[in-house]
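Worksheet: one structure, shown below.
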Amino acid sequence: MAQSEWTCSLSSVHEWESPDYEPSLPVSEKSNPLTRDIDRASASRIVRMLQACDAQMFQEESGATYQRLLSEQVVATLMEVAQKVEIILKDPRDSLVVLSGCGTSGRLAFLITSAFNRALQELSQRSLYSYIIAGGDRALLSSQEAPEDDPKLGMLSLKKVCEGKKRVLFIGISCGLSAPFVAGQLELCLQHPEVYTPVLVGFNPPHQARNEPIPGCTFTFRSVVQRMQELAKSHKAFLINPAVGPEAVSGSSRMKGGSATKILLEVVLSAAHAAAFTNTPVTYKGILQHMRAYEKTLDITYAQKEGISALLEAAGQSLQRGRRVCYLGWGSLATLGLIDASECIPTFGADYEDVRGFISGGYRALNNNEGPLGPDFCIAHEDFLHLVLPSLDDRDVVLLLYTQSDDVSDVEKMALRVREKTSNLHAVCHRVEGDTAADDDINKLCSSSLKINWPPPASGSLLHMWELSTKLLLNSLSTGAHVLKGKIYQNHMMDVQVTNSKLYCRATRLLQKLSGCPEIQCEEALLKAVYRVDELTVDITSSDIITHTHTARNRTKVVPLALVCLLTGCSLMEAETHLQQQPIVREAVEACLA
Ligand code: S6P
């Protein structure tokens with residue numbers, strides 16, 4: 001790297017921490033200075049940018065403003081929560097540990113509870129962990145953004161899961177400290193301290209928690225956080241909220257937010273299990289060492305920069321041609337494929353078919369609460385073979401995701417079937433250093449294979465590291481491919497779906513930033529695009545955000561349309577024609593700005 005580029009990147013690494021940098025926005029919504037021009041970057045530069053963004057997760061505290069992942073206070077709180085879990089593990093009668101969240105946060109709640117219930121099962125202990133995801137299990141595989149706004153639904157679902165329990169450790173995850181669904185659940189915990197101990201995981205400082213009124217409630221997310229801060233002094237509530245820096249695509253908390261959630265909660269639960277079952281007490285040093293092992297996972301993963309760039313390039317080409325990317329996975333890596341694919345819909349306005357995940361063993365392997373979710377959610381490899389494979393050709397990318405512990409002969413069988421239709425077959429395989437897995441035949445069938453060799457970790461489980469590595473890789477791949485498709489403007493997702501209040505506010509802000517028009521005018525333009533009218537009626541202006549976001553569910557290109565109208569003063573119909581002529585949103589916007 002040239003000296004000037006290095007100096008510049010060093011300063012932009014910390015730029016977001018300055019109090020003057022986008023001061024009205026919480027960290028989770030700020031735009032990352034490192035990715036300002038990600039929309040013009042090549043595949044390999046995109047990967048380098050994502051690596052630099054991810055590395056921000058582990059940066060040390062540099063001032064009083066933000067706690068970081070490795071800050072003393074954060075590690076101390078992790079210890080305390082681990083000890084709470086340890087107590088429950090040692091005497092699990094009438095007790096439960098619940099992890100809950102919306103969107104990605106709920107999906108990670110599912111992934112983590114599944115892994116630790118499996119660990120209990122292996123020790124012949126009964127399950128102790130439950131997950132809640134706003135919108136139910138369909139939200140594991142698809143975008144269900146509206147329930148995020150419903151605090152009552154959050155409370156009800158928590159009550160239901162905890163029926164008959166006398167002691168509940170509730171871990172609410174909201175990366176932006178913003179989801180009303182989670183605020184409602186924390187409120188319920190605060191109302192019933194005799195049963196519930198609340199823990200909040202998120203990535204903003206408390207004063208940046210969302211403070212907008214929640215319809216029908218007397219509390220806001222921030223007021224709940226403030227009460228928790230008070231209780232935290234007497235160790236009756238816990239806040240785990242280090243800053244991990246702005247996301248590479250602004251607000252896309254599925255990326256660092258999701259990764260950091262996985263790291264923090266796995267560290268806590270692993271420490272608790274070790275304390276309860278192998279007599280290894282929870283220590284500061286142990287927690288820190290475990291976190292460092294995750295940091296190493298980032299290094300090991302991004303050491304494969306070239307391979308990741310090649311994958312990203314291939315996936316980008318497929319999407320640009322209107323073709324598809326399919327992840328075929330085994331074990332929990334497949335779950336990460338399902339999760340990554342489902343997130344492309346709300347994040348990039350992608351079609352359900354654009355990026356899809358499939359898991360060996362289908363719902364039996366996924367082992368979700370509600371079991372099979374019907375014909376709209378076909379996830380087994382057999383479904384792939386029947387429904388997808390026949391229409392594939394060389395323009396479609398298929399990516400195999402497996403580890404040395406999976407059934408390699410089954411992987412090979414799938415590879416052979418896929419090769420009958422497309423040569424655009426790739427593989428990612430995790431294995432322990434020195435292992436000589438018999439997968440040479442698979443390599444021969446693939447146009448690229450990423451073999452990641454892992455030294456035994458200093459701390460923690462190798463599978464957890466493989467999962468994080470796969471998450472980083474897939475997030476890079478799907479984000480990068482959509483960037484190459486022209487879905488991102490600077491580092492903002494232009495075509496954001498306006499399906500809940502957080503996204504509605506984000507969309508209005510984005511219009512302000514790009515058009516320079518006042519907020520009120522931007523919100524009007526947004527509403528016109530949502531309702532597809534050139535003049536707003538009283539009916540529309542007197543409706544609440546819930547009605548607006550409900551209407552927006554069936555709309556596409558809402559923000560791009562509103563922006564074209566704002567910039568050119570044209571009618572909606574003219575804006576629609578303009579966008580039809582220039583379907584690459586980034587280029588359409590640039591043409592208007594020019
Ligand atoms: C973000 C993802 C969203 C969020 C969800 C919850 O990339 O698309 O679905 O996970 O909005 O956000 P939070 O801040 O409450 O964790």
Side-chain angles (χ1 to χ4, degrees), residues 25-30 32 50 53 99-112 131-136 138-151 153-154 171-186 200-205 208-210 212 214 220-222 224-225 240-241 243-244 246-262 264-265 338-350 355 471 474-476 478-479 482 487-488 491-493 495-507 549:
L25 296 181
V27 180
S28 60
E29 290 287 326
K30 288 185 200 287
N32 199 318
L50 297 178
C53 275
L99 273 62
S100 173
C102 311
T104 304
S105 299
R107 295 178 192 120
L108 286 164
F110 164 69
L111 183 83
I112 297 164
Y131 70 90
I132 298 174
I133 178 163
R138 287 152 52 94
L140 292 174
L141 305 172
S142 66
S143 155
Q144 309 283 331
E145 306 292 325
E148 178 169 331
D149 278 342
D150 194 339
L153 189 65
I171 305 183
I173 312 161
S174 179
C175 297
L177 305 192
S178 66
F181 184 90
V182 175
Q185 296 176 322
L186 292 168
L200 171 60
V201 175
F203 304 100
N204 286 321
Q208 291 181 356
R210 194 169 168 195
E212 268 153 40
I214 304 174
T220 65
F221 207 110
R222 190 178 302 171
V224 171
V225 171
I240 307 174
N241 60 323
V244 290
E247 297 290 353
V249 172
S250 312
S252 184
S253 56
R254 75 187 193 110
M255 303 185 77
K256 281 196 277 190
S259 302
T261 300
K262 180 167 156 58
L264 289 169
L265 293 179
L338 289 167
I339 292 177
D340 185 85
S342 72
E343 290 165 349
C344 292
I345 304 166
T347 311
F348 307 109
V355 183
K471 178 180 181 298
L474 294 181
N475 288 170
S476 299
S478 55
T479 300
H482 283 98
K487 284 287 190 172
I488 302 296
N491 52 8
H492 298 284
M493 173 51 205
D495 201 0
V496 60
Q497 288 188 332
V498 194
T499 39
N500 65 33
S501 59
K502 174 176 80 175
L503 299 170
Y504 183 90
C505 296
R506 189 184 294 163
T549 52

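Owing to the predicted nature of the structure, the values given are computational and were not obtained by experimental measurement. Both ligands and their constituent atoms are indexed starting at 1 by order of listing.
Regarding atom 1 (C) of ligand 1, its nearest protein heavy-atom neighbour is S253 OG, 3.4 Å. Closest to atom 13 (P) of ligand 1, if we only count protein heavy atoms, is C175 N, 3.4 Å. Nearest to atom 3 (C) of ligand 1 among the protein's heavy atoms is E145 OE1, 4.1 Å. In terms of protein heavy atoms, atom 8 (O) of ligand 1 is closest to T347 OG1, 4.0 Å. Protein heavy atom closest to atom 6 (C) of ligand 1, with residue, atom name and distance, is C102 O, 3.2 Å. In this structure, the protein non-hydrogen atom closest to atom 5 (C) of ligand 1 is E148 OE1, 3.4 Å. Counting only heavy atoms of the protein, atom 10 (O) of ligand 1 lies nearest to T104 N, 2.9 Å. Scanning all protein heavy atoms for the shortest distance to atom 12 (O) of ligand 1 gives K502 NZ, 3.0 Å.
A donor and an acceptor atom, one from each side chain of D340 and N475, are located under 3.5 Å apart. Checked by atom type, the side-chain pair T261/R107 shows no donor-acceptor distance below 3.5 Å.
Proximity of M255 to ligand 1, defined as any heavy-atom pair under 4.0 Å, is not found for any part of the residue.
For a threshold of 3.5 Å applied to N or O pairs, the pair formed by N500 and ligand 1 contains no separation below that value. The shortest N or O to N or O distance between G251 and ligand 1 is not below 3.5 Å. On a distance-only criterion, G176 and ligand 1 share at least one N/O pair closer than 3.5 Å.
Residues Y131 and L108 have side chains not in contact (no heavy-atom distance under 4.5 Å, counting atoms from C-beta outward). Residues I133 and S100 are not in side-chain contact: their nearest non-hydrogen atoms beyond the backbone lie 4.5 Å or more apart. Side chains of H492 and V249 form no contact here, defined as non-hydrogen atoms less than 4.5 Å apart.
Contact atoms of ligand 1 toward G103: 9 (O), 10 (O) (distance under 4.0 Å to a heavy atom of the residue). Applying the 4.0 Å criterion to heavy atoms of S252 picks out, from ligand 1, the atoms 7 (O). Which parts of ligand 1 touch A179 is read off a 4.0 Å heavy-atom cut-off, strictly below it: atoms 15 (O). Within ligand 1, counting atoms from 1 as listed, the ones closer than 4.0 Å to a heavy atom of S105 are 10 (O), 16 (O).
Just one of K502, Q208, R506 meets the side chain to side chain donor-acceptor pair (under 3.5 Å) condition when paired with E29; it is R506. When each of V201, N204, V224 is paired with L177, the side chain to side chain contact (heavy atoms under 4.5 Å, CB included) condition holds for N204 and for no other.
Here the side chain of D149 pairs no donor or acceptor atom with the backbone of N500 at under 3.5 angstrom. Judged by distance alone, with hydrogens and angles left aside, the side-chain atoms of S174 form a donor-acceptor pair with the main-chain N or O of A179 at under 3.5 Å. For N241 (side chain) and L200 (main-chain N/O), no donor-acceptor pair under 3.5 Å exists by modelled atom type.
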